Amino acid sequence: MDSPRLAPIRTALRRVLDGHLPYPALIADTHGVLVEANAAFALFAEDTAAELLREPVNVFRLALHPDGLARRVLNLPEWGRHVTEALRARARLSPDPELHALVTELESYLPAAEPGPGHLGFAVPPHLRTGDGDLSLITTVRLVIVTDSGAPVDGPFRKRARQGTARRLDRRSAVPSRTG
């Protein structure tokens, strides 16, 4: 994202990240490498091993490694599986040996877990133990691609979005006009 044409996007993303304050928010690439984060990201770095914070920082590894955030996640089995299932689904949509290897590594850090009766699958908030008390956060694992022109394209929905636009245009042209 170093292209001058992408500067407005970087500025907009910075605003989104800062808009989440006082809560942590971050942007990572497809393989989990930290691109940018707001100041509250420091919450994730508390009491983590120094090697997990060396650049390039992999936020998935930082979150699930036993020497990282994982030791403070109270619902690690459920939340960790939520994260790895989302990454595995991404790897199925766009096969990538590096992502597959990362998912395999991350799963090796997690204890076995059977989803409980209240398990939703798509929404599993991590419950963190902090020095100021327990904290429940919302996480999303999304893939958004930004092209060279600066236009964001949401990977798996790109084709469907174009088809939807075509259908909307067809419907508009099929509406009879009133004359009279």
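No experiment lies behind these values; they were computed from the predicted model shown.
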Using side-chain contact (heavy atoms from CB on, under 4.5 Å) as the criterion, list what pairs up with Ala37, not counting sequence neighbours. Leu26, Leu34, Phe41
Can Val73 and Leu128 be said to form a side chain to side chain contact (heavy atoms under 4.5 Å, CB included), step by step? CA-CA 5 Å; Val73 177; Leu128 301 179; 3.5 Å; yes
Among residues at least two apart in sequence or on other chains, which ones pass side chain to side chain donor-acceptor pair (under 3.5 Å) with His127? Ser136
Taking all non-hydrogen atoms of both residues into account, name the closest pair between Ala40 and Pro22 and its distance. CB-O, 3.4 Å
Residue pair Asp67, Thr48: steps toward the side chain to side chain contact (heavy atoms under 4.5 Å, CB included) verdict: CA-CA 6 Å; Asp67 293 331; Thr48 61; over 6 Å; no
Calculate, to the nearest 0.5 Å, the distance between atoms CG and CZ belonging to Leu64 and Arg71 respectively. 13.5 Å
Glu36 meets the salt bridge (charged side-chain N to carboxylate O under 4.0 Å, His left out) criterion, sequence neighbours left out, with Arg10, Arg14
To the nearest 0.5 Å, tell me how far Arg88 CZ sits from Arg81 CZ. 9.5 Å
Determine whether Leu62 and Tyr23 fall in the same hydrophobic cluster, where Ile, Leu, Val, Met, Phe, Trp and Tyr are linked whenever their side-chain heavy atoms lie under 4.5 Å apart. yes
Taking all atoms of both residues into account, what is the closest heavy-atom pair of Arg90 and Asp29, and its distance? NH1-O, 4.5 Å
Look at the side-chain heavy atoms of Ile, Leu, Val, Met, Phe, Trp and Tyr, link any pair under 4.5 Å apart, and say whether Ile9 and Val35 land in one connected group. yes
Could I get the full list of side-chain contact (heavy atoms from CB on, under 4.5 Å) partners for Pro95, not counting sequence neighbours? none
What one should report as the nearest heavy-atom pair of Pro111 and Pro77 is CG-CG, 3.6 Å
Could you give the distance from CD (Glu46) to CZ (Arg129), rounded to the nearest 0.5 Å? 12.0 Å
Working to the nearest 0.5 Å, report the span between OG1 of Thr30 and CG of Leu102. 11.0 Å
For the NE2 atom of His65 and the CG atom of Leu110, what is their distance to the nearest 0.5 Å? 11.5 Å
Enumerate donor-acceptor pairs with a distance under 3.5 Å from any side-chain N or O in residues 51-60 to protein atoms, sequence neighbours excluded.
residue: Asn58; atom: OD1; partner: Phe60; partner atom: N; Å: 3.0
residue: Asn58; atom: OD1; partner: Arg61; partner atom: N; Å: 2.9
residue: Asn58; atom: ND2; partner: His31; partner atom: O; Å: 2.6

With the side chain counted from C-beta on, respond yes when Leu43 and Arg72 share a heavy-atom pair under 4.5 Å apart, and no when they do not. yes
Restricting to side-chain contact (heavy atoms from CB on, under 4.5 Å), what partner residues turn up for Ala25, sequence neighbours left out? Leu17, His20, Asn38
